[in-house]
Amino acid sequence: MSGRYEAQNIEAKWQQRWAESDMDSALNDDSREPYYCLVMFPYPSGNLHMGHVRNYCLGDAVARYKRMKGYNVLHPIGWDAFGLPAENAAIKHNRPPAEWTYANIDQMRVQLKRLGLSYDWSREIATCHPDYYRWEQWMFTRLMQKGLAYQQDAEVNWCDPCHTVLANEQVVDGVCWRCDTPVIRKNLKQWFIRITDYAEELLADLDSLSGWPEKVVGMQRNWIGKSTGAEVSFGIEGSGDTLDIFTTRPDTLMGVTYMAVAAGHPLAKQAAESNPELALFLDECSKISTKEADVETMEKKGMATGFHAIHPISGESVPVWVANFVLMGYGTGAVMSVPAHDVRDYDFARKYGLSIRQVIAPVDGDWDIETAAFTEAGVLINSGQFDGMASADAKTAIIEWLAENGKGAERVQYRLRDWLVSRQRYWGAPIPVIHCADCGAVPVPDDQLPVVLPTDLQPTGGASPLTECESFKHADCPQCGKAAVRELDTFDTFMESSWYMNRYTSPRNGEAMVDAAAMQRWAPVDQYIGGVEHAVLHLLYARFYHKLMRDAGLFTSGQGGDEPFKNLLTQGMVLKDGTKMSKSKGNTVDPKAIIERFGADTARLFTLFAAPPEKELEWHDAGVEGGHRFLKRVWRLLERVDAAADGDEDAAAVKLMRRTIHTTIERVTHAFEHGFAFNVAIAAQMELANALQDFKPAGPGGKAAYREGVEVLAIMLAPFVPHFACEMGEMLGMKQVAVLADWPVADQAALEQDEITLVVQVQGKKRGEITIAKDAGQDEALAAAQADFAIHKWLDGMQIVKVILVPGRLLNIVVKPA
RNA sequence: GCGAGGAUGGCGGAAUUGGUAGACGCGCUGGUUUUAGGUACCAGUACCAUCGGUGUGGGGGUUCGAGUCCCCCUCCUCGUACCA
């Protein structure tokens, strides 16, 4: 009945049929429960790599399973099409990035289709298309009106090779996330979005993300970095100015013996004007801060400014120092130093001979402040009116005192900075702003959107070609009508990827960014799948953007939710020889080669079988062959379906076979419902295949059981190897196409067994097995064990102290010498 | 330093969450088929030994019973880093 397994022919045939029947489109059909399965859309580099394959095979398995379970599934795909690589390629090939990008999209679409992924292609989007980015521009002008988007002169991260600024999140260990070049601090006027206004909500809502890996939640919590404490205002001697600091330990306020400011702090700069030595030191600090990779080994250095601060409570005068460990980018760029209770301040004080005053004592026991700083909470000493208070109470009391005297207040500090969204690059969405000499930065009105990026420009490296594009540059001021110039920076590409999941719900909507009714049906994403490398970047921005869209009135939280992704699966990397596959290492495996040699189904099967989804996957050519071998083995099972029976029906064997079939259904279903352990689900199906192979389908019952097993296998393999499953289903003459078949439900009757095998332990050690009626009691089981020859010898001459029966599992007999 | 996760055969990994450790696959060994290689198939494969014993990084503990729970230690991976 079967012939040879010819993957190429089978896959071509089914891909064509699926395309013709349009079976993968999400329907506007509310009779079925909607399910939104999303994979992180790719950057169209032109070539699919194994990481994509893994990501998309996982997503496809989920989407196909949910369809078979009767859900109305939305499983879209598109292209994160703006970005730097397109510009670099354009420079190299001397062709505009648009051309390169669209050609790559065409190429990658073919590759995705070749894998047999069940996307709703009618919803395909490309972020570089004006129909897409116009809404991002529209949103930005709303944010400007609300004051949530603003332009500011600030010290920002600049990457020279990329010729653009970077967001904080794009600087990893002091180097550019893309090209690994150390970033430079530069003062530039840039566009920001006030993500810090949403810090509290972004933090609080993390608690609702029970379907996210704790690791990712933790990373985001860490990144937002909330800390509570006080803002304290110190006076500056001989000046009306104040030196403001943030501290989490207001209880140690009476222990302040000096102040420390960052090299970039105005006070430091002011002091340097009349102090060349200090100026030199500040210069040194500014160089080190970005280049020094291992901060751990960096020596604490400082220099006195000559300024003195006035303690807000005691009125005492304390010196102000510049210290290289104080960061300008956090808090106010200045700290109060309490060497007795902070290790950094302690080290610094020791090095420069500054005084140390203990103001907190341990609740019980002593502490030798000469030896080390005491950083725990305790009881206040040497603190005047606050003496005797516990740290927690003292915090409140001191904050109250400061507030009453206008010297400070309670304050919450976040590590999160506002999102820098402007980029000095060409291949991105234009920032919809017109700069007018009289009116300032004016948002482009809705009726002039989109601001279309000219697609025929040729970047040459260096500055963006937009800066020389006269036709783009000039525009009339929307407010006063005078000649003005357009903003020439473009958006960070994370802007596009921050809302694409919502756009998929109404991708061709020409009236609005999203359609509230469509959001109601589909959002939030039920299952999002992608790499963990986006834990703080994309996933934080997307959460933020979702809330911005909600607050812009595009949907209510009842319609689209407060969070964009209900469940998140972060897949592991694909490795070869223990390291990440990359072109520079020359250890890549081309998916195309695997597909050509073994077929898409084998590639899919291997990537899902070789490791649990969230773990790294070590590529192994022999393993791929093993996957292919399995498919061939299943294929051969077809030969014996409905074959002439030889011999009589073996009722016990048939019962066992059916039991195996139905426990497999339970096991595979469990994998889909709990954690997507597809490696285990596939292993279970391999076991079923092995059992079928060993089974002798004699008699009508035997034949029926064998056919049932092969059909169940065809159906349950469909989410993993859909072409193979469809072909099998067709050869079996199944009524439904395998990928559209109803997901099987285990027959409880088939799971029942009259007799069970019980493991018998003596003293907790396995000594044998007995076969016994399924409802046998403890006495019966014990009697059977005692009658068993192999077990009996362990009981001989022993007195039974205790017997434990775990129904259906084991019998443990505890004995002692008689 | 801090935070999280992990350590199971030669390898990737299972183990219904306290109940037969090593499912499934790879690799390996032997055999069958084959002119040969590959493919395919059959048998074996944690370790040591003859009964039997030992085994889930190391050490202790709880329990009739521990890979799983508790305490201590070692190592590895990931994240993060002078955050005041």
Side-chain angles (χ1 to χ4, degrees), chain A residues 172-174 213-219 221-223 225-227 229 232 245-249 252 260 262 289 292 294-296 298-300 323-327 329-338 341-345 347-348 413-416 532-533 535-536 572-573 605-606 609-612 614-630 632-633 636 663 666-667 670 674 677 679-690 693 757-769 793 801-815:
Chain A
V172 181
D173 290 332
E214 275 181 42
K215 178 179 155 170
V216 176
V217 172
M219 282 166 76
R221 184 170 287 128
N222 209 344
W223 188 263
K226 179 181 182 175
S227 49
V232 187
I245 59 96
F246 171 73
T247 179
T248 55
R249 293 293 304 271
T252 65
S289 62
E292 191 70 54
D294 50 340
V295 193
E296 208 179 338
M298 206 166 103
E299 206 188 334
K300 292 198 180 9
N324 65 347
F325 65 88
V326 180
L327 307 173
Y330 185 76
T332 59
V335 298
M336 64 179 208
S337 291
V338 187
H341 305 290
D342 181 285
V343 285
R344 289 159 309 174
D345 297 346
D347 293 348
F348 194 82
Q413 176 73 35
Y414 298 92
R415 183 179 172 276
L416 183 70
V532 73
E533 64 272 20
V536 268
M573 282 187 300
L605 185 74
F606 174 73
F609 176 65
E614 65 282 354
K615 278 195 76 167
E616 326 266 70
L617 186 156
E618 174 70 34
W619 190 266
H620 209 48
D621 289 334
V624 181
E625 284 176 40
H628 192 62
R629 202 146 50 219
F630 166 67
K632 285 197 284 188
R633 211 149 26 117
R636 243 177 285 121
T663 50
E666 287 202 314
R667 291 168 69 189
H670 185 268
H674 305 277
N679 56 327
V680 184
I682 292 168
Q685 297 191 71
M686 286 175 168
E687 284 184 64
L688 175 57
N690 292 344
Q693 205 175 319
T757 302
L758 211 56
V759 168
V760 180
Q761 294 183 336
V762 178
Q763 309 293 63
K765 282 193 164 71
K766 183 184 171 185
R767 294 304 182 191
E769 286 177 359
K793 71 178 173 192
V801 180
K802 193 174 178 183
V803 178
I804 295 118
L805 176 72
V806 182
R809 296 218 160 268
L810 64 74
L811 181 76
N812 188 13
I813 305 166
V814 186
V815 296

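Lettering of chains follows the sequences in order, A, B, ..., and the numbering in each one begins at 1. Keep in mind it's a predicted model, so treat the numbers as computed, not measured.
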ask   = On a whole-Å scale, what distance lies between the C1' atoms belonging to B:G37 and B:U33?
value = 14 Å

key: Pairwise P distance, B:G38 and B:G27 [rounded to whole Å]   = 12 Å

task = Using a 4.0 Å heavy-atom cut-off across all strands, classify A:Gly626 as base, sugar-phosphate, or nothing.
result = sugar-phosphate

request  = For each nucleotide in nucleotides 19-24 of chain B, reading 5' to 3', give B when a protein heavy atom comes within less than 4.0 Å of its base, S when such contact involves only the sugar-phosphate, and - otherwise.
outcome  = BB--BB

query = Between A:Arg415 and A:Asn222, do the side chains contain an N or O donor and an N or O acceptor separated by less than 3.5 Å?
reply = no

message = Is the phosphate of B:C42 approached by A:Gln693 (side-chain N or O, under 4.0 Å from OP1 or OP2)?
response = yes

inquiry  = Below the 4.0 Å mark, does B:C82 have OP1 or OP2 next to a side-chain nitrogen or oxygen of A:Arg415?
reply    = no

request  = Answer with base, sugar-phosphate or nothing: what part of the nucleic acid does A:Lys793 contact at a heavy-atom distance below 4.0 Å?
outcome  = sugar-phosphate

ask   = Say you pick atom C1' in B:G13 and the same atom in B:C48; how far apart are they, in whole Å?
value = 25 Å

query = Roughly how many Å is it from NZ in A:Lys226 to C1' in B:G3, rounded to a whole number?
reply = 19 Å

Side chain to side chain contact (heavy atoms under 4.5 Å, CB included) between A:Asn690 and A:Gln693, intermediate numbers included = CA-CA 5 Å; A:Asn690 292 344; A:Gln693 205 175 319; 4.3 Å; yes

request  = Please state the C1' separation for the pair B:G3 and B:C11 - nearest whole angstrom.
outcome  = 31 Å

inquiry  = Measure CZ/A:Phe630 against P/B:C41 and give the value in whole Å, please.
reply    = 13 Å

message = Less than 4.5 Å apart, side chain to side chain, heavy atoms only: is that true for A:Met336 and A:Thr252?
response = yes

request  = Rounded to whole angstrom, note down the P distance from B:C83 over to B:C71.
outcome  = 29 Å

request  = Name the orientation of the base relative to the sugar in B:G53: syn if the glycosidic angle is within 90° of 0, else anti.
outcome  = anti

Between B:G25 (C1') and A:His628 (NE2): distance, integer Å = 16 Å

query = To the nearest Å, how far apart are A:Met219 CE and B:A81 C1'?
reply = 13 Å

ask   = Counting just side-chain N and O atoms, does A:Lys765 come under 4.0 Å of either OP1 or OP2 of B:G65?
value = no

query = Does A:Arg221 make a side-chain N or O approach to OP1 or OP2 of B:G3 shorter than 4.0 Å?
reply = no

base_contact_polar (B:C78 base, A:Lys215 side chain, donor-acceptor, <3.5 Å) = no

request  = Could you please name the option among B:A84, B:G79, B:A40 that lies closest to any side-chain atom of A:Lys632?
outcome  = B:A40

task = Using heavy atoms to find the nearest nucleotide of RNA chain B for A:His620 and A:Phe246 separately, return the residue whose nucleotide is more 5′.
result = A:His620

Between B:U29 and B:C75 - P atom distance, rounded Å = 37 Å

request  = Side-chain contact test, heavy atoms from C-beta onward, threshold under 4.5 Å: evaluate it for A:Val759 versus A:Val806 and give yes or no.
outcome  = no

ask   = Does the side chain of A:Asp621 reach to within under 4.5 Å of the side chain of A:Phe606, using non-hydrogen atoms?
value = no

inquiry  = Say we look at B:G61 and B:U68: how far apart would their C1' atoms be, to the nearest angstrom?
reply    = 15 Å

request  = Check whether any side-chain heavy atom of A:Ile682 sits under 4.5 Å from a side-chain heavy atom of A:Met686, and report yes or no.
outcome  = yes

Cationic tip of A:Lys300 above A:Phe348 ring, under 6.0 Å, 45° of axis = no

query = Taking atom P of B:A84 as reference, at what distance in whole Å does atom CG of A:Asp345 sit?
reply = 12 Å

key: Separation between the P atoms of B:U8 and B:G58, rounded to whole Å   = 10 Å

task = Indicate the atoms forming the closest heavy-atom contact of A:Val532 with A:Val216, along with that distance.
result = CG2-CG2, 4.2 Å

request  = Please state how far atom CD in A:Glu625 lies from atom P in B:G25, giving the value in whole angstrom units.
outcome  = 15 Å

task = Mind checking A:Val343 for me? I need base, sugar-phosphate or nothing, with any heavy atom below 4.0 Å counting as a touch.
result = nothing

inquiry  = I want to verify the glycosidic state of B:U8; is it syn or anti under the 90° rule?
reply    = anti

inquiry  = Is it the case that atom CD in A:Glu214 sees more than 12 heavy atoms from other parts of the structure closer than 6.0 Å?
reply    = no

query = How does RNA chain B read in dot-bracket, base by base from 5' to 3', with Watson-Crick or G-U pairs under 3.5 Å and | used when the partner is on another strand?
reply = (((((((..(((......[....)))((((((.......))))))(((...)))..(((((..]....))))))))))))....

task = Using a cut-off of strictly less than 4.0 Å, decide whether A:Arg767 has a side-chain nitrogen or oxygen near OP1 or OP2 of B:G53.
result = yes

message = Looking only at the side chain of A:Thr248 (C-beta and beyond, no hydrogens), which of the listed nucleotides B:A84, B:C64, B:G13 gets closest?
response = B:A84

ask   = Would one find a side-chain N or O of A:Arg629 under 4.0 angstrom from OP1 or OP2 of B:G25?
value = no

ask   = Going by heavy atoms in the side chains, are A:Arg633 and A:Arg636 under 4.5 Å from each other?
value = yes

task = Figure out the CE/P separation between A:Met336 and B:A84, and round it to whole Å.
result = 12 Å

inquiry  = Tell me if the centroids of the rings in A:Phe609 and A:Phe630 come within less than 6.0 Å of each other.
reply    = no

task = Could you say whether A:His670 or A:Glu214 is positioned toward the 5' end of RNA chain B, judged by the nucleotide with the nearest heavy atom to each?
result = A:Glu214

key: Length of the CG-P vector between A:Leu688 and B:A14, whole Å   = 20 Å

message = Quick one, A:Leu758 and A:Glu769 - any side-chain contact, counting heavy atoms below 4.5 Å?
response = no

